[in-house]
Amino acid sequence: MSDFLALTLAEARDGLRRRDFTARELADAYIEAMAAARALNAYCAETPEQALAMAAAADQALAAGNAGPLAGIPLGIKDLFCTKDVLSQASSRILEGFKPRYESTVTANLWRDGAVMLGKTAMDEFAMGSSTETAVTGPVTNPWRGEGSNKNLVPGGSSGGSSAAVAAKIALGATGTDTGGSIRQPAAFTGTVGIKPTYGRCSRWGIIAFASSLDQAGPIARTVRDAAILLKSMAGHDPKDSTSINAPVPDFEAALSGDIRGLKVGIPKEYHTTQMPAEIEALWQQGIAWLKDAGAKIVDVSLPHTQYALATYYIVAPAEASSNLARYDGVRYGLRVNNGGGLNDMYAKTRAAGFGKEVKRRILIGTYVLSAGYYDAYYLKAQQVRTLIARDFTEAFKTVDVLLTPTAPSSAFGIGETTDPIAMYLNDVFTVPASLAGLPAMSLPAGLDKAGLPLGLQLIGKVLDEETVIKVGGVIERAAGFAAAPKPWWRS
Amino acid sequence: MSIDLATVRRIAHLARIDIDDAALAPMAGELNQILSWVEQLAQVNTDGVPPLTSVVDAELPRRADVVTDGGYPEDVLANAPQAEHGFFAVPKVIE
């Protein structure tokens, strides 16, 4: 086996089962590639020793014939997941040195199925961002560059370390989390596949909380099949999360039948925004044509409250964040700044030093919209509009099976180029509505723009119907034949 | 609605985040920019619309009221910046 890194997750899994190569060989190849790609800054903590120990256990299980579905598969884990005795910082200074004494449910599920941890991937601090520039370990660089350009681009965010790692082939797959688009937008920016499942499909237990009514874990991978395989292991009911859905987890990989004849695909007219670049509009039309060719029926639908989704999100998410992040007080874990000024002074100094600019901004907005006298005008109003946004989807899904939209309004932009907070928020214009409604959605690469950078299409499904999303994703993937890959300029 | 420096100081205190006087004005500017952008929700008629509090159509699960966790104080304290005699330690509160 000459090039382990070229294998997809499904191919590696099958090769390991056939004993064509060992988990140890695969782990060695990835550990070497990870170390040679430090220029990307995708990993904030590398765990090669753990990887080798887990690979050895996988080899034993494979030899004994009792290997799990992910035995020997090397993964990157977003820094938002608590991993036992391994640094878990949400890429924030306020969690400096934090090594949980417990394992998140989602990562525990992956290890139960035999996966191998390569390390923790960097992210926007507390998952608040669309560029992975705010990680305490420094910005992550997208493996992709424009044709003939040396400019460093962002990998999207907040799961940008994960998307960069998968695109650079320094992880076979990775975990992400998505609150308003943090799996799908980075997947679109890096030519990878990302799934945000139905809210409640994956347990939130042990995932550092940002906005609890929106946060959902999901996979980032190279192919739709790979993402489906990972999602099956990550998902499942967990009594430790009261919002975890108690429903059977389907075999998502089996949904890839390729047959979408007669399926109704909705095209929401409100997603045709005036600011949308022509190339993205054209790619969307191409996606529609592919699905038509495969026998799907295209139906125009309306989601009338779409234009209010971002503003709704930027009230609800900061409100929940201000509450969730109240726990970082310098008492139980992480950073403490104590200048001898007493307890209240310690809280305020610790939080001033530990949180970055965007996190502080969101905590303050959240505190304001929840404060006496403003709660009804902002927070209650936003929760009401959220109802209307969710109803829009319910109405649309009375006539269609799945929705097709672009994932993001642009391709990857340069590091340091977007400094205005609201301009940054607009990255999530197409991903936030499905988050507010708790619906499953996927981004997959469908083409390149003029600069040679990947563009993604998004599929949004009904509650708990990831299978249709995956099935339609598989059809687009085959029609698009997306085979482009970034040149490995980062290899040292 | 526009927020002034005193309001920024007040919410920063509520949020327990120390902000230098010099940083108050820029922060007020940024917060006002965001708040005036979210004002657009006022255009939406929400009369009689219930707030969405959960996207999951399920009742909160119940379980027996018994102790199911605990008994590992050393794990709980393992990451504490300061722990003494099996407790979290903080600066003196009462003079």
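Protein chains get the first letters and strands the later ones, always in sequence-line order, with residue 1 at the start of each.
- Proximity to chain A (any heavy atom under 4.5 Å) is restricted, for B:Ala78, to the side chain, taken from C-beta onward.
- Considering only heavy-atom pairs separated by less than 4.5 Å from chain A, the leading option among B:Leu77, B:Thr53, B:Val44 is B:Val44.
- Only the backbone of B:Ala89 comes within less than 4.5 Å of a heavy atom of chain A; no side-chain atom from C-beta onward does.
- You'll find the side chain of A:Tyr378 reaches within 4.5 Å of the side chain of B:Leu35, heavy atoms only.
- With rounding to the nearest 0.5 Å, the separation of CD1 in B:Ile34 from OH in A:Tyr314 is 9.0 Å.
- By the neighbour-count criterion of 12 heavy atoms within 6.0 Å, atom CZ of B:Phe88 is densely surrounded, having more than that number from other residues, nucleotides or ligands.
- In this structure, chain B has no heavy atom under 4.5 Å from any part of A:Thr350.
- Residues A:Lys357 and B:Glu30 form a side-chain contact, since some pair of their non-hydrogen atoms from C-beta on lies under 4.5 Å apart.
- Contact count versus chain A (heavy atoms, under 4.5 Å) is highest, among B:Ala80, B:Pro51, B:Ala12, for B:Pro51.
- Side-chain contact between A:Arg336 and B:Pro91: present, with at least one pair of heavy atoms (C-beta onward) separated by less than 4.5 Å.
- Atoms NE2 and OG1, on A:His305 and B:Thr46 in that order, are 9.5 Å from each other to the nearest 0.5 Å.
- Considering all non-hydrogen atoms of both residues, B:Gln33 and A:Ile422 come closest at O-CD1, 3.6 Å.
- The heavy-atom pair separating A:Ser371 from B:Leu14 by the smallest distance is CB-CD1, 4.5 Å.
- Nearest approach of A:Gly97 to B:Asn79, heavy atoms of both residues: O-OD1, 3.8 Å.
- Contacts between A:Asp329 and chain B at a heavy-atom distance below 4.5 Å are absent for every atom of the residue.
- Proximity to chain A is absent for every atom of B:Thr68, based on heavy atoms less than 4.5 angstrom apart.
- With a threshold of 4.5 angstrom between heavy atoms, B:Asn45 approaches chain A through N, CA, C or O but not through any side-chain atom.
- Here the side chains of B:Val8 and A:Tyr368 are not in contact, with every heavy-atom distance at 4.5 Å or above.
- For the pair A:Arg101 and B:Val76, the minimum side-chain heavy-atom distance is 4.5 Å or more.
- Both the backbone and the side chain of B:Gln40 come within contact range of chain A, judged by heavy atoms closer than 4.5 Å.
- Interface remark: B:Ile19 contributes side-chain atoms only to the contact with chain A (heavy atom separation under 4.5 Å).
- The OH atom of A:Tyr374 sits 9.5 Å away from the CD1 atom of B:Ile11 when rounded to the nearest 0.5 Å.
- In this structure, the separation between OG1 on A:Thr312 and CG on B:Leu52 is 10.5 Å, given to the nearest 0.5 Å.
- Side-chain polar atoms of A:Asn344 and B:Arg16 form a donor-acceptor pair below 3.5 angstrom.
- For chain B, the nearby parts of A:Ser242 are the backbone and the side chain; heavy atoms of each come within less than 4.5 Å.
- Residue with the most contacts toward chain A among B:Arg63, B:Gln82, B:Arg10, B:His13: B:Gln82 (heavy-atom pairs, distance under 4.5 Å).
- Closest heavy-atom contact between B:Asp18 and A:Ala352: O-CB, 3.3 Å.
- The nearest pair of heavy atoms linking A:Ala311 to B:Leu41 is CB-CD2, 3.9 Å.
- Here the closest non-hydrogen pair linking A:Tyr308 and B:Gln43 is OH-OE1, 2.9 Å.
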